[in-house]
Amino acid sequence: MSENEPLILGIETSCDETGVGLVRGHTLLADAIASSVDEHARFGGVVPEVASRAHLEAMVPTIRRACETAGVKPSDVDAIAVTSGPGLAGALLVGVAAAKGLALSLDKPLYGVNHLAAHVAVDTLEHGELPKGAIAMLVSGGHSSLLAVEDITDGVEPMGSTIDDAAGEAFDKVARVLGLPFPGGPYVDKAARDGGDRAYVTFPRGLTSQRDLERHRFDFSFSGLKTAVARWVEAKRRDGEDVPVNHVAAAFQEAVCDVLTRKAIDACKDRGYEHLLIGGGVAANSRLRQMAEERCSAAGIAVRVPRPGLCTDNGAMVAALGSELVRAGKTPSPLGLPADSSMPITTVLN
């Protein structure tokens with residue numbers, strides 16, 4: 001780490017995590033998170049109003065905690081980056097307003113960044129410079145996307161996305177069907193690892209037929225899979241049979257990971273890229289990481305996945321993207337920066 005590198009503070013509030021990160025170059029100095037997930041668990045999903053209130057309450061303490069961890073003062077920061085979209089409108093507004101206040105009071109440049117691009121940039125904190133030319137697969141509760149990335153600071157090219165339920169959303173819904181807690185991803189993963197048989201039942205792989213591939217080669221669909229699992233479980237219960245939760249979790253997870261990795265490798269081959277980056281909350285899934293490593297190795301593709309703690313929403317990823325933008329000499333955002341809940345992935349800096 002060079003002390004000459006700019007010190008970037010990143011703020012993330014797109015959903016239910018209040019994240020504040022401090023990054024210098026590619027070195028992570030602090031990653032403070034305050035999660036409101038427990039407040040949403042009893043509703044079985046994120047409640048936007050509850051998330052916004054939690055961000056308001058957590059913002060100042062989380063900024064203080066990050067600065068204390070890094071051993072710096074807010075005035076030491078060279079620039080402030082904040083997620084300005086996409087995400088929940090009210091939640092985004094809290095983070096953007098806080099970042100504006102800091103930028104104005106400290107007289108520091110402000111960078112409003114794209115949440116999805118930040119999930120790509122966070123890999124620099126684990127593996128250094130991003131390769132010049134890679135496919136990024138972002139998989140989370142709200143997104144399942146394949147992106148072609150030449151230079152993260154100049155934008156990305158969308159290749160495919162979900163046409164209905166995202167992978168993380170499917171995990172949550174299947175967890176509910178199986179009686180597992182919210183958020184579903186970690187609990188389905190754990191159930192699958194605890195003796196689950198991946199071949200116990202074969203669930204459908206959405207958008208993988210020859211006809212589908214002609215129109216949706218790089219797109220994803222997990223709604224049909226979720227419905228298939230629900231109907232299978234309902235039939236078992238209707239017949240008075242016990243539902244083998246571990247086996248169902250493993251078979252469902254296998255279907256999701258099969259489709260994700262198959263399409264990601266196809267995208268790499270289509271573009272002639274030798275690197276696959278995986279980000280987003282579902283990237284913490286143990287089976288996805290294992291399958292990606294095995295299939296990419298066989299295909300001669302290098303796979304880069306940050307450690308699980310950096311895959312879920314956090315301030316470090318926002319600071320990492322801010323660092324890339326500052327180092328590239330990009331013009332800062334205006335103080336009139338809006339919160340854009342539907343910010344397109346093609347816009348990296350708002």
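Note that the structure is predicted; figures quoted are calculated from it, not measured. Counting from 1, the numbers follow the sequence of the chain as shown.
Side-chain contact between Leu325 and Val113 is present, with heavy atoms from C-beta onward closer than 4.5 Å. Between Cys257 and Asn285, some side-chain heavy-atom pair lies under the 4.5 Å cut-off. Side chains of Ile345 and Leu147 form a contact here, defined as non-hydrogen atoms less than 4.5 Å apart. Taking the side chain as every heavy atom from C-beta outward, Arg289 and Cys311 approach each other to under 4.5 Å. Counting heavy atoms from C-beta outward, Leu213 and Lys263 have side chains that approach closer than 4.5 Å. Here the side chains of Val305 and Val303 are in contact, with some heavy-atom distance below 4.5 Å. With contacts defined as side-chain heavy-atom distances shorter than 4.5 Å, the pair Arg304/Pro131 qualifies. Annotation: side chain of Ser145 is not in contact with side chain of Met159 (no heavy-atom distance under 4.5 Å).
Between Glu169 and Lys173, at least one side-chain N (NZ, or NE/NH1/NH2) sits under 4.0 Å from a carboxylate O, which counts as a salt bridge. Under the 4.0 Å criterion applied to side-chain N and carboxylate O atoms, Asp266 and Arg217 are assigned as salt-bridge partners. A salt bridge links Lys190 with Asp194: at least one charged nitrogen is closer than 4.0 Å to a carboxylate oxygen. The residues Glu150 and Arg271 are annotated as not salt-bridged, no charged nitrogen and carboxylate oxygen being separated by less than 4.0 angstrom. Between Asp76 and Arg24 there is no salt bridge, since none of the side-chain N atoms of the basic residue sits less than 4.0 Å from a carboxylate O of the acidic one. Taking a cutoff of 4.0 Å between a charged side-chain nitrogen and a carboxylate oxygen, Glu5 and Arg327 qualify as a salt bridge.
Under the 4.5 Å side-chain heavy-atom criterion for Ile, Leu, Val, Met, Phe, Trp and Tyr, Phe203 and Leu207 are members of distinct hydrophobic clusters. Ile8 and Leu310 fall within a single hydrophobic cluster, where Ile, Leu, Val, Met, Phe, Trp and Tyr are joined by side-chain heavy atoms under 4.5 Å apart, directly or via other members. Cluster annotation: Leu110 is not connected to Val348 through the hydrophobic network of ILVMFWY side chains, with a link wherever side-chain heavy atoms come within less than 4.5 Å. Placement of Val177 and Leu180 within a single hydrophobic cluster is found when ILVMFWY residues are connected by side-chain heavy-atom separations under 4.5 Å, directly or transitively.
Leu116 contributes atom CG, which lies 10.5 Å from atom OG of Ser161 (distance to the nearest 0.5 angstrom). With values rounded to the nearest 0.5 angstrom, Leu29 atom CG is found 10.5 Å from Cys67 atom SG. The distance from the CD atom of Glu274 to the CD1 atom of Ile135 is 12.5 Å, given to the nearest 0.5 Å. Atom CG of Leu104 and atom CG of Leu335 lie 5.5 Å apart (nearest 0.5 Å). In this structure, OG1 in Thr124 is found 9.0 Å from CG in Leu321, a value given to the nearest 0.5 Å. Note that OG of Ser209 and NE2 of His216 are 10.0 Å apart. Values are rounded to the nearest 0.5 Å.
Side chain to side chain, Thr18 and His55 meet the donor-acceptor criterion of an N or O pair below 3.5 Å. Under the 3.5 Å distance criterion, with hydrogens and angles disregarded, a donor-acceptor pair is assigned to the side chains of Asp189 and Ser286.
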* **From CA spacing to verdict: side chain to side chain donor-acceptor pair (under 3.5 Å), Ser14, Glu12** => CA-CA 6 Å; Ser14 66; Glu12 155 62 22; 2.5 Å; yes
* Asked: Does the pair Met317 and Leu125 meet the rule for a side chain to side chain contact (heavy atoms under 4.5 Å, CB included), with working shown?
  -> CA-CA 8 Å; Met317 68 186 205; Leu125 304 180; over 6 Å; no
* Walk me through it: do Phe171 and Phe252 pass the test ring-ring contact (aromatic ring centres under 6.0 Å, His included)? => CA-CA 9 Å; Phe171 269 94; Phe252 159 75; 5.0 Å; yes
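Taking Ala97 as the reference, nothing meets the side-chain contact (heavy atoms from CB on, under 4.5 Å) condition, with sequence neighbours excluded. Remark: Pro204 engages Leu225, Ala228 in a side-chain contact (heavy atoms from CB on, under 4.5 Å) (not counting sequence neighbours). Under the ring-ring contact (aromatic ring centres under 6.0 Å, His included) criterion, Tyr111 pairs with no residue, sequence neighbours left out.
The neighbour count for Arg65 CZ, taken as heavy atoms of other residues, nucleotides or ligands under 6.0 Å away, is above 12. Within 6.0 Å of CZ in Arg237 there are more than 12 heavy atoms belonging to other residues, nucleotides or ligands.
Between the Thr261 side chain and the Met291 main chain, no donor and acceptor come within less than 3.5 Å of each other. A distance-only check finds no donor-acceptor pair linking the side chain of Ser221 to the backbone of Gly206 [under 3.5 Å].
In this structure, Val20 and Ala66 approach most closely via the heavy-atom pair CG1-CB, 3.7 Å. Here the shortest heavy-atom pairing between Thr347 and Asn114 reads O-ND2, 2.9 Å.
Relative ring orientation between His115 and His119 is described as perpendicular, the plane-to-plane angle rising above 60° on a 0-90° scale split at 30° and 60°.
Just one residue in the list Leu138, Val256, Val139 forms a side-chain contact (heavy atoms from CB on, under 4.5 Å) with Ser144, and that residue is Val139.
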